[in-house]
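Everything below concerns the one structure shown next.
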Amino acid sequence: EIRLSLVGSEMCIRDSTSQVRLNFTSFSLENNYDFVTVIDDATGAELARYTGNIGAFVSEGFLTSSIRVVFTSDGSVTGPGFVIDRLDAL
């Protein structure tokens with residue numbers, strides 16, 4: 001069972017498995033000014049940070065059952081943003 005909660009610019013994903021992977025169908029942020037950061041919700045450790053015009057991609061598998069996805073922006077330039085359409089529990 002995957003549980004998802006969204007608060008402001010943060011999304012928390014909890015699953016009963018030990019590994020989670022994110023599927024981005026699009027990703028276009030201002031390079032080096034806007035970021036999506038994946039954080040281990042249990043330890044607070046940064047697992048990945050994405051920026052720029054990556055397009056569609058699948059993240060690496062994160063070895064944790066609970067992650068936080070955080071969007072941060074400097075607000076100066078707007079772009080299309082990003083879409084996560086699927087979470088894979090591995």
Looking only at non-hydrogen atoms, find the nearest pair between [X] and [Y] and report the distance.
X   : Y   : value
A56 : T25 : CB-O, 3.4 Å
E30 : T51 : O-OG1, 3.3 Å
L29 : Y50 : CD1-O, 4.4 Å
D74 : D34 : N-OD1, 3.1 Å

Residues in side-chain hydrogen bond (donor to acceptor under 3.5 Å, both in side chains) contact with N32, at least two apart in sequence or another chain: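 N32 satisfies side-chain hydrogen bond (donor to acceptor under 3.5 Å, both in side chains) with no other residue.
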
With sequence neighbours excluded, what pairs up with D40 under the side-chain hydrogen bond (donor to acceptor under 3.5 Å, both in side chains) test?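 T64.
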
Determine whether L47 and L63 satisfy the following criterion, side chain to side chain contact (heavy atoms under 4.5 Å, CB included), listing intermediate values before the conclusion. CA-CA 9 Å; L47 302 174; L63 295 171; over 6 Å; no

Check whether L87 and V69 end up in the same hydrophobic cluster, where Ile, Leu, Val, Met, Phe, Trp and Tyr are linked by side-chain heavy atoms less than 4.5 Å apart.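 Same cluster: L87 reaches V69 through Ile, Leu, Val, Met, Phe, Trp or Tyr contacts under 4.5 Å.
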
Would you compute the distance between atom [atom1] of [X] and atom [atom2] of [Y] and round it to the nearest 0.5 angstrom?
X   : Y   : atom1 : atom2 : result
E46 : I39 : CD    : CD1   : 6.5 Å
N31 : I54 : CG    : CD1   : 8.5 Å
S76 : Y33 : OG    : OH    : 7.5 Å
R86 : F24 : CZ    : CZ    : 12.0 Å
S26 : I84 : OG    : CD1   : 10.0 Å
E60 : Q19 : CD    : CD    : 10.0 Å

Between V58 and L22, does a side chain to side chain contact (heavy atoms under 4.5 Å, CB included) hold up when you go through it step by step? CA-CA 6 Å; V58 177; L22 304 173; over 6 Å; no

So F27 and F57, would you call those rings parallel, tilted or perpendicular, with 30° and 60° as cut-offs?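 Because their plane-to-plane angle is over 60°, the rings of F27 and F57 count as perpendicular.
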
